[in-house]
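To keep things clear, I will list the structure first and then write my remarks on it.
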Amino acid sequence: VQMLKQYDTNNDGIITRDELVAAKTAEFKAADTNSDGFLSWQEFKAMEDAKASARLKAIYSVMDADAKDGISITEFTNASPERPAVQANTVFTLADTDASGALSLEELAAMRKEGSVERLMWMFAGQDTITVDKQISLEEYTAALKPITVKNNGTGSTPNR
């Protein structure tokens with residue numbers, strides 16, 4: 001929301017096409033560091049990296065509710081209401097690589113890098129549901145598997161899920 005407000009230059013709560021074009025034009029010009037009217041791959045990547053960094057900093061500041069420059073397990077869990085607290089605790093522990101009990105901006109950035117690591121952490125935590133010991137047992141790994149029924153139509157077996 002805050003990032004979209006930058007486009008609403010007259011603060012009327014509506015982003016018009018003119019406002020959007022003006023903001024995007026300014027963004028382009030700022031990224032076009034050699035002023036050649038084109039964005040090279042390096043210029044484009046630098047612009048996108050800056051946007052990602054700004055988004056990450058915004059997420060971090062919202063999660064760091066007490067503004068102590070570190071996200072506690074309570075803040076992390078409270079910021080993830082759609083996730084069970086046990087899973088959030090597991091993900092927090094995995095992300096807290098220095099075991100300080102708080103996530104630094106660097107740890108949060110590493111966790112969220114391209115979304116893949118974060119997604120894997122949540123998948124891992126979602127499977128660690130029986131022992132909740134930050135390890136996946138064979139029982140936990142296979143708990144979500146559905147049985148496969150095999151029908152034989154006379155020409156061979158066909159597994160059905």
Side-chain angles (χ1 to χ4, degrees), residues 1-129 132-136 140-141 143-145 161:
V1 174
Q2 187 65 27
M3 297 184 97
L4 289 177
K5 287 182 181 179
Q6 72 185 0
Y7 298 132
D8 184 17
T9 55
N10 65 0
N11 297 314
D12 65 353
I14 299 169
I15 301 170
T16 65
R17 176 165 174 69
D18 289 342
E19 287 173 317
L20 187 57
V21 169
K24 289 298 203 176
T25 299
E27 187 177 286
F28 181 94
K29 286 181 178 181
D32 183 16
T33 56
N34 65 0
S35 301
D36 67 353
F38 297 93
L39 293 183
S40 67
W41 168 245
Q42 291 79 12
E43 290 168 327
F44 180 80
K45 184 169 181 343
M47 177 183 70
E48 290 303 315
D49 288 347
K51 284 185 198 177
S53 180
R55 280 192 297 274
L56 187 60
K57 286 178 183 175
I59 291 167
Y60 181 83
S61 82
V62 168
M63 290 177 78
D64 185 18
D66 62 8
K68 290 185 176 179
D69 200 24
I71 301 169
S72 70
I73 183 68
T74 303
E75 290 168 325
F76 185 82
T77 303
N78 289 341
S80 306
E82 74 282 359
R83 309 286 191 173
V86 171
Q87 288 182 14
N89 188 8
T90 298
V91 171
F92 179 89
T93 302
L94 292 171
D96 184 17
T97 56
D98 65 2
S100 66
L103 294 183
S104 67
L105 182 57
E106 291 77 21
E107 288 169 324
L108 186 63
M111 178 182 126
R112 297 187 66 93
K113 184 176 183 185
E114 298 177 23
S116 60
V117 175
E118 181 180 24
R119 189 181 79 250
L120 286 173
M121 287 179 174
W122 282 108
M123 287 172 51
F124 179 92
Q127 289 191 319
D128 183 25
T129 57
V132 192
D133 58 357
K134 297 170 189 59
Q135 298 180 61
I136 299 174
E140 288 168 325
Y141 186 73
L145 296 177
R161 293 182 190 231

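Scanning all heavy atoms of the two residues, the minimum distance from Asp32 to Phe38 falls at OD1-O, 3.0 Å. Here the closest heavy-atom approach between residue Thr9 and residue Glu19 is recorded as N-OE2, 3.2 Å.
Judged as a side chain to side chain donor-acceptor pair (under 3.5 Å), and not counting sequence neighbours, Asp18 has no contacts. Annotation: side chain to side chain contact (heavy atoms under 4.5 Å, CB included) contacts of Asp66 (sequence neighbours excluded): Asp64, Lys68, Glu75. Annotation: salt bridge (charged side-chain N to carboxylate O under 4.0 Å, His left out) contacts of Lys29 (sequence neighbours excluded): none. In terms of the side chain to side chain contact (heavy atoms under 4.5 Å, CB included) criterion, residue partners of Phe44 (sequence neighbours excluded) are, by chain and number, Leu39, Trp41, Met47, Glu48. A search for side chain to side chain donor-acceptor pair (under 3.5 Å) contacts involving Ser35 returns nothing, not counting sequence neighbours. Residues passing the side chain to side chain donor-acceptor pair (under 3.5 Å) test with Asp69 are Tyr60, sequence neighbours excluded. Residues meeting the side chain to side chain contact (heavy atoms under 4.5 Å, CB included) test with Thr93, sequence neighbours left out: Asn89, Lys134. Remark: Asp49 engages Lys45 in a salt bridge (charged side-chain N to carboxylate O under 4.0 Å, His left out) (not counting sequence neighbours). Not counting sequence neighbours, the partners of Thr33 by the side chain to side chain donor-acceptor pair (under 3.5 Å) test are Glu43. Residues satisfying the side chain to side chain contact (heavy atoms under 4.5 Å, CB included) test with Thr74, not counting sequence neighbours, are Ser72, Asn78. Among residues two or more places apart in sequence or in another chain, the salt bridge (charged side-chain N to carboxylate O under 4.0 Å, His left out) test is passed with Lys57 by none.
Legend: ring-ring contact (aromatic ring centres under 6.0 Å, His included) pairs involving residues 13-37, not counting sequence neighbours: none detected.
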